[in-house]
Amino acid sequence: MTRLISKAAILGLVVTAGLTLAGCQSAPETPEASLYQQLGKRAGIAQIVEDLLFLIVDDERINQQFKGVDVASFHRNLTDQLCQLSGGPCTYSGRGMREVHADMAITDTQFNALTENLILAMEENGVGTGAQNRLLKRLIPLYPDVRNL
Ligand code: HEM
């Protein structure tokens, strides 16, 4: 039987990692607030990534791509990556984007689906549109590597 990452696995991750519900942690969107702060620092980003995982599981456009994925490792690495990209005090120690996604043949539709889910996860955590767009702008340079272009 093919195995997708399951909601149970994500809940297990939450319990084992001792993550707490970050709730609505975003700082007000003042020009002074760094993007990292607007995302709710590392705890807020970890919550966004957890919510993203639930959205991925429910999304028929992309959930097959995630079958058999180590949820805890994916969660930690994506959280560190977004933390670092947003200017936070984190160091991404996962694999390179081209290498990770090399054999997935990711389509534009799938790339957009993941982006859409990330936006939804940020919405769920009270991140304002300005901060959402600032993060997306920092992800755009990764597009050719993720798509293997
Ligand atoms: C800007 C867009 C994206 C970013 C920033 C991103 C980032 C990441 C990161 C940080 C990891 C963890 C790497 C590691 O554990 O060493 C990862 C893994 C993964 N990504 Fe992406 N990703 C993006 C788009 C996508 C898309 C569109 C898909 C498929 C629809 C996808 C599917 C996967 C899968 C299945 C893994 C797990 C690979 C494994 O553990 O073997 N990613 N991605």
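For the numbers below, each heavy atom of this structure counts, side chains included, while hydrogens, waters and symmetry mates do not. Note that the coordinates shown come from a computational prediction; the quantities given were computed from them, not determined experimentally. Ligands are counted one by one from 1 in listed order, and the atoms in each one are counted from 1 as well.
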K.L.:
Only heavy atoms of M104, strictly under 4.0 Å: list the atoms of ligand 1 that pass.
P.N.:
32 (C), 33 (C), 34 (C), 35 (C), 36 (C), 38 (C)
K.L.:
Could you tell me whether Y143 approaches ligand 1 through its side chain, its backbone, both or neither, with non-hydrogen atoms closer than 4.0 Å?
P.N.:
neither
K.L.:
Between R42 (side chain) and C90 (backbone), is there a donor-acceptor pair under 3.5 Å?
P.N.:
no
K.L.:
Just which atoms of ligand 1 are under 4.0 Å from any heavy atom in V69?
P.N.:
35 (C), 37 (C)
K.L.:
Using a 3.5 Å distance criterion without hydrogens, assess whether the side chain of D70 forms a donor-acceptor pair with backbone atoms of A72.
P.N.:
yes
K.L.:
Report yes or no: do D58 and N63 form a side-chain donor-acceptor pair below 3.5 Å?
P.N.:
no
K.L.:
Using a strict 4.0 Å cut-off to heavy atoms of I106, name the atoms of ligand 1 that fall inside it.
P.N.:
26 (C), 27 (C), 28 (C), 29 (C), 31 (C)
K.L.:
Please work out which of F66, Y92, F111 has its closest non-hydrogen atom nearest to atom 2 (C) of ligand 1.
P.N.:
F111
K.L.:
What are the atoms of ligand 1, with element, lying closer than 4.0 Å to any heavy atom of N77?
P.N.:
12 (C), 14 (C), 15 (O), 16 (O)
K.L.:
Is a side-chain donor or acceptor of Q84 paired with a backbone partner of Y92 at a separation under 3.5 angstrom?
P.N.:
yes
K.L.:
Checking E123 against Q132: is there a side-chain donor and acceptor pair closer than 3.5 Å?
P.N.:
yes
K.L.:
Suppose the cut-off is 2.8 Å; how many protein N/O/S atoms fall inside it around atom 21 (Fe) of ligand 1?
P.N.:
1
K.L.:
Looking only at protein heavy atoms, which one is nearest to atom 35 (C) of ligand 1, and what is the separation?
P.N.:
Q65 O, 3.2 Å
